[in-house]
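Some notes on the structure that comes next.
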Protein chains: 2
Amino acid sequence: MTTKIAITDDHVLVLNGIKAMLANTPEIDVVGTYDNGQQTLKKINLDKPDILLLDINLPDINGIELCKTLLKQYPELKILALTNFEEISFVKRMLSNGASGYLLKNTQKTELIEALKTVLEGRQYLQDKIEKKLMNYALGRQNSETFIPKLTRREKEVLEAISEELTTQEISKKLFVSIKTVETHRMNLMSKLGAKNSVGIIKKAIDCGLLD
Amino acid sequence: MTTKIAITDDHVLVLNGIKAMLANTPEIDVVGTYDNGQQTLKKINLDKPDILLLDINLPDINGIELCKTLLKQYPELKILALTNFEEISFVKRMLSNGASGYLLKNTQKTELIEALKTVLEGRQYLQDKIEKKLMNYALGRQNSETFIPKLTRREKEVLEAISEELTTQEISKKLFVSIKTVETHRMNLMSKLGAKNSVGIIKKAIDCGLLD
DNA sequence: TAAAAATTCAGGGTATACCCTGAGGAGAGA
DNA sequence: TCTCTCCTCAGGGTATACCCTGAATTTTTA
């Protein structure tokens with residue numbers, strides 16, 4: 001049984017590099033390559049790959065968003081992030097959005113194939129370097145007390161709307177309440193999150209994982 | 001529908017070689033051949049090719065300059081560099097001046113046709129060898145900054161300050177500039193990052209890894 | 001069931017952000 | 001030299017965010 005994989009990357013050289021790398025590996029079949037997010041969304045249901053190698057850095061859609069969207073539509077699909085970004089924040093966001101693994105683009109053939117196998121078995125594959133970073137990050141975080149403030153239902157809704165760059169007026173219309181109510185909620189958000197303004201609200205919210 | 005191509009090269013045997021190579025390929029029609037830059041500039045508007053195969057090494061004009069000039073006048077034209085220069089600096093300069101691909105003169109017929117097709121579809125074609133060189137070069141400098149908007153030094157400073165929850169007035173004092181200047185930078189940040197307000201700036205900045 | 005928390009909203013205010021046009025000077029690069 | 005980008009700043013305006021006090025109603029919880 002061959003494993004069908006597809007690749008989304010806007011760099012032709014990367015696409016071809018991977019294809020070439022897998023050319024003489026009969027158990028792996030590259031069924032599709034896409035160079036942007038829209039194309040991926042359109043064509044993936046035709047190619048039906050088991051695994052998608054996904055670059056974060058795409059011209060049209062953020063790879064992290066794309067990951068989330070794809071997994072909603074195709075829960076069976078395994079997504080393996082393949083990128084140059086070493087930042088832990090990207091790793092965390094990819095994994096929390098359902099990615100099955102994270103590889104850097106300097107990956108060698110053997111490692112790529114091992115990653116594909118691991119992912120196919122339903123397990124998670126992280127490159128050594130990434131795993132260590134993640135570990136250190138987790139250990140560093142354990143000590144520092146991170147109290148996540150409890151937000152009410154309404155506050156979460158307002159928070160969400162603020163992060164959508166809506167104005168108070170727009171939020172009031174969206175939630176069917178008065179402007180004054182929205183302002184109250186925002187003030188409470190600032191108070192609870194220890195922020196001086198909406199920018200602070202968003203920063204702390206992202207930091208606490210209250211937003212994706 | 002046939003694809004019209006033209007060739008600029010000062011070596012007659014190369015011109016003829018390519019023509020011969022494409023002679024029994026009906027979907028490709030060689031509509032013009034030029035042996036220097038001036039001639040190319042003069043005659044290309046008459047021949048109206050879809051793709052131009054362009055040598056870098058021309059007697060009168062530098063092929064890289066010619067590429068830039070041609071694309072200013074004919075933005076629809078696809079230019080495929082065809083040369084013996086393997087140096088990455090040439091490749092980069094051609095591509096950054098808008099060339100759609102880069103072939104060495106040892107190209108075989110099938111590869112040439114594939115390159116032409118790829119370019120015609122609006123994608124980029126690079127010969128394997130060139131691709132690998134570029135890949136190594138790219139890996140050497142992990143600067144994946146394709147979709148990350150380029151911010152100026154001042155814009156980065158203002159961005160940083162905004163993320164510190166400072167007001168415009170506070171930022172102006174911190175950076176020793178007027179309030180109006182800070183506002184200008186913030187507007188430019190919104191524009192560059194596609195944000196509707198400061199919240200959007202921060203979100204996109206975090207998203208792009210410009211912060212933290 | 002009483003207390004606490006959450007949701008709603010008002011009046012009234014100041015500070016700030018947002019948005020436009022326009023423009024001079026400095027520096028880099030062709 | 002000319003062009004382009006960046007940095008700087010102004011006038012003048014509207015919209016919005018921020019901040020206070022106070023309070024009625026509903027919902028949750030102890």
Side-chain angles (χ1 to χ4, degrees), chain A residues 148-205 210, chain B residues 37 60-73 89 92-94 96-98 145 149-205 210:
Chain A
I148 295 171
K150 273 189 181 173
L151 301 185
T152 67
R153 176 184 60 86
R154 233 24 179 172
E155 283 163 356
K156 283 180 196 166
E157 287 170 1
V158 172
L159 169 62
E160 193 73 38
I162 292 173
S163 94
E164 287 167 9
E165 305 173 38
L166 302 181
T167 66
T168 301
Q169 194 172 45
E170 289 165 339
I171 298 170
S172 79
K173 280 176 185 165
K174 180 175 184 176
L175 300 181
F176 303 106
V177 293
S178 81
I179 287 175
K180 284 295 180 183
T181 302
V182 177
E183 284 183 345
T184 302
H185 289 311
R186 202 206 351 261
M187 301 303 287
N188 289 336
L189 280 169
M190 281 195 273
S191 167
K192 283 188 178 180
L193 296 170
K196 289 200 286 186
N197 53 33
S198 291
V199 165
I201 292 176
I202 293 303
K203 274 192 63 184
K204 304 284 168 84
L210 296 167
Chain B
D60 54 349
I61 311 180
N62 180 335
I64 293 167
E65 284 304 310
L66 180 59
C67 175
K68 204 162 83 178
T69 308
L70 283 169
L71 286 174
K72 265 191 191 166
Q73 288 181 45
S89 66
K92 278 197 338 185
R93 276 153 73 198
M94 280 305 283
S96 67
N97 276 322
E145 52 196 328
K150 275 182 190 158
L151 301 185
T152 66
R153 176 183 60 86
R154 238 12 183 181
E155 283 164 357
K156 282 180 196 164
E157 288 170 2
V158 171
L159 168 63
E160 194 71 37
I162 291 173
S163 94
E164 286 168 10
E165 303 173 43
L166 302 182
T167 66
T168 301
Q169 194 171 45
E170 289 165 338
I171 297 171
S172 79
K173 281 178 186 167
K174 181 176 181 174
L175 299 183
F176 304 106
V177 294
S178 82
I179 287 176
K180 283 294 182 182
T181 302
V182 177
E183 283 183 347
T184 302
H185 288 311
R186 205 210 344 266
M187 300 303 286
N188 289 336
L189 281 169
M190 282 194 275
S191 168
K192 283 190 178 179
L193 296 169
K196 290 201 285 187
N197 54 32
S198 290
V199 164
I201 291 177
I202 293 304
K203 274 191 62 187
K204 305 286 167 85
L210 295 169

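Model, not experiment: these values are computed from the prediction. Lettering of chains follows the sequences in order, A, B, ..., and the numbering in each one begins at 1.
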Measuring to OP1 and OP2 of [N], would you say a side-chain N or O of [X] lies under 4.0 angstrom away?
X: A/S178; N: C/dA10; answer: yes
X: B/T167; N: C/dA17; answer: no
X: A/R153; N: C/dA6; answer: no

Problem set entry | B/V177 vs B/R154 side-chain heavy atoms within contact, under 4.5 Å |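 When only atoms from C-beta onward are counted, B/R154 and B/V177 do touch, with a gap below 4.5 Å.
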With sugar-phosphate meaning primed atoms plus P, OP1 and OP2, does [X] contact a base, only sugar-phosphate, or nothing at under 4.0 Å between heavy atoms?
X: B/T181; value: base
X: A/T168; value: sugar-phosphate
X: B/T184; value: base

Taking the side chain of [X] as its heavy atoms from C-beta onward, which of [options] lies nearest to it?
X: A/K180; options: D/dC19, C/dC18, C/dT16; answer: D/dC19
X: A/R154; options: C/dT7, D/dT8, C/dA17; answer: C/dT7
X: A/M187; options: D/dC18, C/dA17, C/dC9; answer: D/dC18
X: A/H185; options: D/dC9, C/dT7, D/dG12; answer: C/dT7
X: A/V177; options: D/dC9, C/dC9, D/dC18; answer: C/dC9
X: A/E183; options: C/dC9, D/dA17, C/dC18; answer: D/dA17
X: B/Q169; options: C/dT16, D/dC7, C/dT7; answer: C/dT16

Problem set entry | A/K203 (side chain) donor-acceptor with B/S163 (main chain) under 3.5 angstrom |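 Yes; at least one donor-acceptor contact below 3.5 Å.
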Problem set entry | Donor-acceptor contact below 3.5 Å, side chain A/T184 vs main chain A/K180 |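 Here the side-chain-to-backbone pair exists.
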Grab the [atom1]-[atom2] distance between [X] and [N] for me, whole Å please.
X: A/E170; N: D/dA15; atom1: CD; atom2: P; answer: 13 Å
X: A/L151; N: C/dA6; atom1: CG; atom2: C1'; answer: 13 Å
X: B/M190; N: C/dT16; atom1: CE; atom2: P; answer: 17 Å

Exercise. Hey, mind stepping through B/K156 and B/E160 against salt bridge (Lys or Arg N to Asp or Glu O under 4.0 Å) and telling me if it holds?
Worked result: CA-CA 6 Å; B/K156 282 180 196 164; B/E160 194 71 37; over 6 Å; no
Exercise. Looking at A/R186, A/K192, A/H185, which hits side-chain hydrogen bond (donor to acceptor under 3.5 Å, both in side chains) with A/E155?
Worked result: A/K192
